[in-house]
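If you're wondering where the values come from, they're calculated on a predicted model, not measured in any experiment. In what follows, chains carry the letters A, B, and so on, assigned in the order in which the sequence lines appear, proteins first and then strands, with residues in each chain numbered from 1.
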There are 2 protein chains.
Amino acid sequence: MQNRDLRTLREIARLGSFREAAERLNMTLSAVSMQMKALEAQLDGALFDRSTRPPRLTPLGRRVAEAADEVLAAEDRLRALAGPEAPLAGRFRLGLVASASARLLPDFLQSVARDLPHTRFDLRTGLSEQLEGLVAEGALDAAVVTATGVALGGGRHTLLARDRLILAVPPGEAPLPFLHFAPTTGIGRVIAAELAHRPDLRDAPRIVLDHVETIVACLDAGVGRTVLPEIDLARARQPFDATALDAMRSLVLVTRIGTPLDAYAERLAALLGVRSAISAT
Amino acid sequence: MQNRDLRTLREIARLGSFREAAERLNMTLSAVSMQMKALEAQLDGALFDRSTRPPRLTPLGRRVAEAADEVLAAEDRLRALAGPEAPLAGRFRLGLVASASARLLPDFLQSVARDLPHTRFDLRTGLSEQLEGLVAEGALDAAVVTATGVALGGGRHTLLARDRLILAVPPGEAPLPFLHFAPTTGIGRVIAAELAHRPDLRDAPRIVLDHVETIVACLDAGVGRTVLPEIDLARARQPFDATALDAMRSLVLVTRIGTPLDAYAERLAALLGVRSAISAT
DNA sequence: CTATAAATTCAATCGAACTGAACATGCAGA
DNA sequence: TCTGCATGTTCAGTTCGATTGAATTTATAG
């Protein structure tokens, strides 16, 4: 079945004559006639009552013309997906490291709903390394992870945000245990590296936790000291002594080089609520 | 845009490789490749990430494949309208003479809803002559009217029902006026013709009414005598003296000869709740 | 009944899409 | 890391289908 024929049928239904439809579609009257003949043959049913001179649609013809409208409307919707005005359309599979999701997701989902009504995002969370692997093998289109050194082969890192690490200590004299974000994760590894320079923290009793929220809650309770990105500590409700460290936690967008999406990395980064994204392999 | 290409895209999305799609669709691998290339050119967007060997769908590609499903589904729905199993599908414009609509419509609409879910009927009422004219000029596909003699040129009458005319007289001695259904209508003319043979009725005082319901109500009230089809008098609530007349009221389905619908007249008649329809020009 | 506009038919032509072969390339196994 | 294979791409040739224009038919208006 040819959509071209359906388009012609629609024009005939609208204008009421083969001739007018032919003119409007820049075709010969004979081409119009042949198309309709072919359509009737394919459907095995009379679409027109040819006993009258401008042939009239039969009841079946009217119904088919309506159905043709639907087919063509669906086609138009498909066309609208691509084209210059919709460069970021599609169905993206995006991975998010858990520690970043709370920070980025709300704004991100809001921007998407507002600016990209035709775009869908299938989201999943995971650990940085795991997500980076999924991007490499094509199971994800992109992932937001904590940068730990350099990108995997074939992957590009687009910097989304850099947050200074802060040593947070509840007020008081007693030496408190160190609340360590799970050291096998991306951010955990950054923190572990920093501990190497701080023997006082490195040698303190250690409590390993794998949720930022939990660590902050413990900090509020005065249960221990911790090192976390500044942005996460902003959620603390009790005052604490803050010491800025040299290390930073970098959130990056991972894409696979050469991938069509890779070209959109900057735009996707912008969508993730970051003002100016810096790309680096 | 070719639906054939969309069909191919759908298979690729389903099976995950060009080769498998080509086999399943009985095409060359090269044809599949060229179709997808053409589709990408038309949409002006990359549907596949070709940096990997079985090329993978891009986010845009996934979205387009979904949209293709919708286009193809709409096409399937269109196909289902025609074909051997749906001979009476379509959007019919059907006229009904007012005096028949009460009798036929309920059963008719019920049958349609049950047996022809894909068929729509645009209904209108009118006088027999007017409706027959609309059928002749193609503004209606068919009409149910009261037969007054023979069909108009180019029209076919398919008999739907014949109801004997009954002279109904309320019990009592007094000579009552005659309640005459509007004599310019189809059934009214049949009644008028019958009056010619009955001087007692013809010369009685006459009250002209244009609704069967009204006449029956007047009959119940003992206000006058009348002649109506048996079926309409069945709605009377009071007993009356009934005399069968020779004349009959014939309800016929009018179609235009040579029209595709004309071939379905018998079936449409059956749908109108009549057991055996007899056709006559 | 005739003239005219509209649609159909048909043969010729044109173009789009498919095919098969040669070529390129990612990926798996050594 | 290298090699072979399977998969996809490219290209030229061919085939099939669609369009065209002329001739013909036919419904409708005058």
Output the rounded distance in Å from [atom1] ([X]) to [atom2] ([N]).
| X | N | atom1 | atom2 | answer |
| --- | --- | --- | --- | --- |
| Leu39(A) | dA18(D) | CG | P | 12 Å |
| Glu20(A) | dA6(C) | CD | P | 8 Å |
| Leu47(A) | dT8(C) | CG | P | 12 Å |
| Leu6(B) | dA17(C) | CG | P | 13 Å |
| Ile257(A) | dG26(C) | CD1 | P | 15 Å |
| Met1(B) | dA17(C) | CE | C1' | 17 Å |
| Met36(A) | dT9(C) | CE | C1' | 17 Å |
| Gln35(A) | dT8(C) | CD | C1' | 15 Å |

Hey, is the side chain of [X] poking within less than 4.0 Å of OP1 or OP2 on [N], counting only N and O atoms?
| X | N | answer |
| --- | --- | --- |
| Ser33(A) | dT8(C) | yes |
| Gln2(A) | dG17(D) | no |
| Lys37(A) | dT9(C) | yes |

Of Leu109(B), Val112(B), Asp141(B), Leu96(B), the one forming a side-chain contact (heavy atoms from CB on, under 4.5 Å) with Phe121(B) is Val112(B)

Nearest 0.5 Å, what's the CG-CG distance between Asp69(B) and Leu6(B)?
-> 9.5 Å

Side chain of Ser17(B), backbone of Pro54(B): donor and acceptor closer than 3.5 Å?
-> no

List the steps, then state whether side chain to side chain contact (heavy atoms under 4.5 Å, CB included) holds for Val71(B) with Val71(A).
-> CA-CA 6 Å; Val71(B) 174; Val71(A) 174; 4.3 Å; yes

Run the salt-bridge test on Arg19(A) and Glu23(A) with the 4.0 Å N-O cut-off and return the result as yes or no.
-> yes

Contacts of Ser30(A) and Thr28(B) projected onto DNA chain C by closest heavy atom; the upstream (5') one is Ser30(A)

Report the nucleotide, chosen from dA11(C), dT7(D), dT8(C), that has the shortest atom-to-atom distance to any side-chain atom of Leu29(B).
-> dT7(D)

Proximal nucleotide (of dT19(C), dA7(C), dT20(D)) relative to the Met34(A) side chain | dT20(D)

Under 4.5 Å between any side-chain heavy atoms of Arg124(B) and Leu134(B), yes or no?
-> yes

What one-letter contact string describes nucleotides 24-30 of chain D from 5' to 3', where B marks a base within less than 4.0 Å of any protein heavy atom, S marks contact via sugar-phosphate atoms alone, and - marks no contact?
-> -BBSS--

5' priority, DNA chain D, between Gly16(B) and Asp5(A) [closest heavy atom] = Gly16(B)

Strictly by modelled atom types, are Thr52(A) and Arg256(B) linked by a side-chain donor-acceptor pair under 3.5 Å?
-> no

